[in-house]
Structure formats: structure tokens, C-alpha cells
There are 2 protein chains.
Amino acid sequence: MAPREHTHPAVEDVELVTVLSALAEPTRLRIVRMLAAMEGERAWKDIDLPIAQSTLSHHLKILRNAGVVQSRTEGTRCFVSLREEELEGRFPGLLECVLACRDAWNGGHQAP
Amino acid sequence: MAPREHTHPAVEDVELVTVLSALAEPTRLRIVRMLAAMEGERAWKDIDLPIAQSTLSHHLKILRNAGVVQSRTEGTRCFVSLREEELEGRFPGLLECVLACRDAWNGGHQAP
DNA sequence: TTCGATATTCGATGTTCGTCGAACATCGAA
DNA sequence: TTCGATGTTCGACGAACATCGAATATCGAA
């Protein structure tokens, strides 16, 4: 289906466990880092990962429901972005320290 | 079996996803909060939760493998504690902000 | 040495999760 | 209106997970 105006939870209603679960998965963490690496939003299509579209859609839904990302629809395509400020208000420091951490698998898979 | 000198990973070898996964479970998060609420260590027996002993043992193993807690054996009983400082060195701010968050389910189930 | 207390491990069970391909819905363009 | 592009939803599958009770290993005390 085409992206039809997604619903986003209020960050106040999101529980910590939900956010942690959302971030506790390699692919999703990678998406979050990818979004954090650039200011503003990213086009869905440009989220280039070695997974099926349906899988990506699934992960984005989980991140959305966890209040971590938000989607904006424009015509038939959509743009994704982090809800950094709101998240910071709800879970101060969480996103920052998660992004700050560079572990082995992450430092090694991008550029040399 | 009796507690026989557990093995603990070096925090440097622990990946972020592993820690997040360990914390992304209500029961385990509760254990971590419980341990944080008191200075020093806590006797295994005093970890009073509505779960089977085998389940508790299982969760503690996961937290241990994630470098979140450590166990000390004394005779036939053991004591559990948070690896706060080490964790802070590996993932600065993470434990702190996870503990700082008080969400609905957590604020509501203890005292009024 | 025998017994009770203390955790861990094992085996089983039901649930949740990540993944895919196919079917579908919606929009813009031809 | 017909098409092609774009994401989403559905159904299915195997892997991973939370949970329990029973069996087990280890230690201290009687």
C-alpha cells in the first residue's frame, strides 16, 4: 500500500521497555544511526539496507510505535526522521548515549 | 546446582545491542532497578519476584553475560550487584538515564 | 556421612520476533 | 483511465525467548 498518514504515539505514552526493545535490534539500531548521521529527514527509498522492503517497513513501524522515528507522507512517497527532541524530553540522554557508542560491528562495516 | 564461580565478560567485549536487549525486558529491568536502589550487593534469595527460581536464574545469566551485573559466590549462596562503574566506562550515561526514567508502570506499582 | 538449603541446568511448552514473497492500496503521470 | 512506482499488510516459516517444574551439583550443618 502507499504510505497513508501514519499515526504516532505521544512520547509521554511510550514506555522505556518499548524504546529499549526497539533499539535492541541490529537492523533497527542501524536505521537509527543512519537517520542520526544526517540532519533532517531521509527518503524511505534511500534507506538502503540488505533486507526486503516488507522487512524495512516492519522495522520502521516498530520504531514509529516506540516514538523513535516519525514518518511524513508526500504524495506517494514518505520521509523518515528521528524524534530527537521529544525523545530527549521523555528519556533524557538515552538517544545520545546510544548514538555515542561505537562498538566493533558498527565501526567496521562502513568506511575503512 | 550451587553457585559455582560465574564467568563475567569484560565490558569492552560487550556490544550495545546485547546490553539493550538485556534491559529491554520488564523483569530484568526490574531487577536492575532493584539493585540500583541499594548500595552494594543483594543476596540472591532477597531478590523477591513473582517468578520461578529457574526463571530468575535465567534472567540473571542474561544480565551477567551482558556485563550488567556480577555475581559473587560465598559458600552455597551468592550475591548480585550492578557493574555500574564499568558499564559507565563502556556506555557512558546509559545506565544512568535508564534508571532515571520513571514510567507509568514503574511509578505505580511500588508505593503510592 | 547424611541432610537441607541454594542455585543452576535440562527438557518441554507456548509465545514473540525477524524475515520473506505475494497481494494490495494509494498516488502521480502518461 | 490505465500504469508504474511506492510502501504497507498478510500469511507463513523457523529461530529465539520467557516460563515452568524436575533433576542435579555444591556447600554447610547436624
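Note on naming: letters A, B, ... go to the chains in the order of the sequence lines (proteins, then strands), and numbering restarts at 1 for each one.
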Contact check, residues 53-61 of chain A vs DNA chain C, heavy-atom distance under 4.0 Å, returns Ser54(A), Thr55(A), His58(A), His59(A)

Ile51(A) CD1 to dC17(C) P, in whole Å, measures 17 Å

Considering only heavy side-chain atoms of Arg64(B), the closest of dT19(D), dT8(C), dT8(D) is dT8(C)

*Spell out, as yes or no, whether a donor-acceptor pair under 3.5 Å connects the side chain of Gln70(B) to the backbone of Arg64(B).*
no

Could you run down the sub-3.5 Å N/O contacts of the protein with nucleotides 23-25 of chain C?
residue: dC24(C); atom: O2; partner: Met1(A); partner atom: N; Å: 3.0
residue: dA25(C); atom: N3; partner: Ala2(A); partner atom: N; Å: 3.0

The side-chain hydrogen bond (donor to acceptor under 3.5 Å, both in side chains) partners of Thr18(B) (sequence neighbours excluded) come to none

Hits for side chain to side chain contact (heavy atoms under 4.5 Å, CB included) against His58(A), two or more places apart or cross-chain, chain-then-number order -> Ile62(A)

- Quick one: does Val14(B)'s side chain get under 4.5 Å of Val19(B)'s, heavy atoms only? yes

Would you say Leu82(A) and Val11(A) are hydrophobically clustered, going by side-chain heavy atoms of ILVMFWY under 4.5 Å?
yes

Glu12(A) meets the side chain to side chain contact (heavy atoms under 4.5 Å, CB included) criterion, sequence neighbours left out, with Ala10(A)

Residues passing the side chain to side chain contact (heavy atoms under 4.5 Å, CB included) test with Glu96(A), sequence neighbours excluded, are none

Rounded to whole Å, CZ of Arg30(A) lies from C1' of dG18(C) at a distance of 15 Å

Taken to the nearest whole Å, CG/Leu20(A) to P/dC17(C) is 14 Å

Against the side chain of Ala52(A), the closest entry in dT19(D), dT8(D), dC20(C) is dC20(C)

Main-chain N/O of Thr73(A) paired with His6(A) side-chain donor or acceptor, under 3.5 Å
no

When rounded to whole Å, the CG to C1' distance for the pair Leu23(A) and dC17(C) reads 16 Å

When rounded to whole Å, the CZ to P distance for the pair Phe79(B) and dC27(D) reads 16 Å

**Prompt:** Just to confirm, is there a sub-4.0 Å distance from OP1 or OP2 of dT6(C) to any side-chain nitrogen or oxygen of Lys45(B)?
**Reply:** yes

* Asked: Does Arg90(A) reach the main-chain N or O of Asp13(A) with its side chain, forming a donor-acceptor pair under 3.5 Å?
  -> no

By side chain to side chain contact (heavy atoms under 4.5 Å, CB included), Ala37(B) pairs with (sequence neighbours left out) none

Result block: side-chain N/O donor-acceptor pairs under 3.5 angstrom for residues 39-52 of chain B, not counting sequence neighbours:
residue: Glu41(B); atom: OE1; partner: Arg72(B); partner atom: NE; Å: 3.2
residue: Glu41(B); atom: OE2; partner: Arg72(B); partner atom: NE; Å: 3.3
residue: Glu41(B); atom: OE2; partner: Arg72(B); partner atom: NH2; Å: 2.5
residue: Arg42(B); atom: NE; partner: Asp46(B); partner atom: O; Å: 3.2
residue: Arg42(B); atom: NH2; partner: Asp46(B); partner atom: O; Å: 3.1

Hey, does Ile47(B) reach any base, or is it just sugar-phosphate, or nothing, if we go heavy atoms under 4.0 Å? nothing

Atom CD of Glu5(B) and atom P of dT8(C) are separated, to the nearest Å, by 12 Å

The side-chain hydrogen bond (donor to acceptor under 3.5 Å, both in side chains) partners of Glu86(B) (sequence neighbours excluded) come to Arg83(B)

Open item on the list: Does a side-chain N or O of Arg77(A) approach OP1 or OP2 of dG4(D) to a distance below 4.0 Å, or not?
Closed with: no

Whole-Å distance, Glu74(A) CD to dA5(D) C1', equals 15 Å

Separation of dT8(D) atom P from Leu63(A) atom CG, nearest Å, is 12 Å

A correct dot-bracket answer for DNA chain C, with pairs being Watson-Crick or G-U at under 3.5 Å, [ ] for crossing pairs and | for inter-strand pairs, is ||||||||||||||||||||||||||||||

